[in-house]
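For reference, the structure is listed below as structure tokens.
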Amino acid sequence: MDCTVNIDDGELDSRLLIEMKQVDRHLRISREERLLAQNVATRALVRGFAHEVKNPLGGLRGAAQLLEAELPDESLKEYTQIIIGEADRLQSLVDGMLGPNSLPNVQKLNIHEVIERVRSLVLAEVPDGVRIIRNYDVSIPEFMADKDQLIQSILNIVRNAIQATQGQGTVELKTRIERQLTIGNTRYRHVMRLDITDDGVGIPEEMQQRIFYPMVTSRAEGTGVGLSIAQSLVNRHGGLIECSTQSGKTCFTILLPIETEKKQDE
Ligand SMILES: Nc1ncnc2c1ncn2[C@@H]1O[C@H](COP(=O)(O)OP(=O)(O)OP(=O)(O)O)[C@@H](O)[C@H]1O
Ligand SMILES: [Mg+2]
């Protein structure tokens, strides 16, 4: 058991807060470190690959357009249109793999405003049979982060959760504060925890280890970049996304450090 004691000495009364945590947290820490290191290595590989694909793709599309202008027969344009269309599809896939290229715009934000934004975005597209439940800890303080990047990460995960319900089910958005949590090798006094839980189909066992890799998908129309982008954006904030799944209950947890003041692990 790991124990933390906080003394809150108010003017009228004093309060003592004792928190106990299981030691298996240390096991979790090393797993997180592995996940983070793995993700950094994969991102570097994927970005390198995506860059290499991007340039010839531009050339290919341009050449197809020139060719189209020279074609004597209208009916042949069908073929150049296929080249252009497929080049565009690859281009957006590669852009997704490269992730957002804008510089982070960090500002003080309220996490519930961000989540509510995501909720209003998905409410328009959510099927009638799917309920979105909110379970917020409104005492979570504001913290510094890039609003658009957080919206993007949460949106990617909430969309997956809605898709997993296959039109019938519940998605819960739950926020909590975690105290004294270590992410990577940094110990934070307060961390925001967002659990996105659905009662959908669950993640097939053989995919569970790979879902954060780009281009891993089980959906016919999926590109498989949603989770990879979400993880990389959250990592940029010093945070982490974890996942647990069993039949009828899949939970993605986003952990984001709240305090800028970090205490290195001794
Ligand atoms: N909540 C969930 N329940 C079950 N499976 C999930 C869940 N979230 C993700 N997955 C699995 O992980 C895969 C990867 O998800 P990811 O968001 O990266 O890609 P995608 O949804 O397939 O495509 P897109 O790029 O359009 O998001 C999904 O195809 C799905 O198999
Ligand atoms: Mg997705």
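Indexing begins at 1, ligand by ligand and atom by atom, following the structure's order. What's counted below: heavy atoms across the whole structure, side chains too, no hydrogens, waters or symmetry copies. Because the structure is a prediction, the values reported are computed rather than measured.
- Taking a cutoff of 4.0 Å between a charged side-chain nitrogen and a carboxylate oxygen, Glu125 and Arg159 qualify as a salt bridge.
- When only non-hydrogen protein atoms are considered, atom 12 (O) of ligand 1 lies nearest to Ile211 CG2, 3.4 Å.
- At least one heavy atom of Ile203 lies less than 4.0 angstrom from ligand 1.
- Residue Gly226 has at least one nitrogen or oxygen atom sitting less than 3.5 Å from a nitrogen or oxygen atom of ligand 1, judged on distance alone.
- Only backbone heavy atoms of Val216 (N, CA, C or O) come within less than 4.0 Å of ligand 1; its side chain stays farther off.
- The single protein non-hydrogen atom nearest to atom 20 (P) of ligand 1 is Arg219 NH2, 3.6 Å, given as residue, atom name and distance.
- Side-chain atoms of Asn135 never come within 3.5 Å of backbone atoms of Lys174 as a donor-acceptor pair (strictly under, hydrogens ignored).
- Protein heavy atom in closest approach to atom 29 (O) of ligand 1: Ser218 N, 2.9 Å.
- Residues Arg189 and Gln180 bring no donor and acceptor atom of their side chains to less than 3.5 Å of each other.
- Electrostatic pairing of Glu116 and Arg134 counts as a salt bridge here, judged by a charged N lying under 4.0 Å from a carboxylate O.
- The closest protein non-hydrogen atom to atom 4 (C) of ligand 1 is Gly202 O, 3.4 Å.
- Using a 4.0 Å cutoff on heavy atoms, Gly224 counts as a contact of ligand 1.
- Taking every non-hydrogen atom of Thr217 and a distance limit under 4.0 Å, the qualifying atoms of ligand 1 come out as 20 (P), 22 (O), 29 (O).
- Between Asp199 and Lys249 there is no salt bridge, since none of the side-chain N atoms of the basic residue sits less than 4.0 Å from a carboxylate O of the acidic one.
- The two residues Gly239 and Asn235 come nearest to each other via the heavy atoms O-ND2, 3.1 Å.
- Among all non-hydrogen protein atoms, the one lying nearest atom 18 (O) of ligand 1 is Leu227 N, 2.8 Å.
- Here the heavy atom of the protein found nearest to atom 7 (C) of ligand 1 is Phe252 CE1, 3.9 Å.
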- [ ] Might you work through the side chain to side chain donor-acceptor pair (under 3.5 Å) test for Asp195 and Thr197, ending with a clear yes or no?
- [x] CA-CA 6 Å; Asp195 290 326; Thr197 311; 5.7 Å; no
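- Using a 4.0 Å cut-off between charged nitrogen and carboxylate oxygen, Lys77 and Glu68 do not count as a salt-bridge pair.
- With rounding to the nearest 0.5 Å, the separation of CZ in Phe252 from CG in Asn160 is 6.5 Å.
- A distance of 7.0 Å separates CD of Gln208 from SG of Cys243, quoted to the nearest 0.5 Å.
- The nearest heavy-atom contact from the protein to atom 25 (O) of ligand 1 is Thr223 OG1, 2.6 Å.
- Of the inter-residue distances, the one linking Ile241 atom CD1 with Ile254 atom CD1 reads 5.0 Å to the nearest 0.5 angstrom.
- By the criterion of a separation under 2.8 Å, the protein N/O/S atoms near the Mg ion (ligand 2) amount to Asn160 OD1.
- Checking Asp198, Val225, Asn160 against atom 9 (C) of ligand 1, the nearest heavy atom belongs to Asn160.
- Taking CG of Leu256 as the start and CD1 of Ile154 as the end, the distance is 7.5 Å to the nearest 0.5 Å.
- Side-chain contact, Gln231 with Tyr213: no donor N or O sits under 3.5 Å from an acceptor N or O.
- Counting protein heavy atoms only, atom 3 (N) of ligand 1 is closest to Ala164 CB, 3.2 Å.
- If you look at Arg159 next to ligand 1, there are no close heavy atoms at all, none under 4.0 Å.
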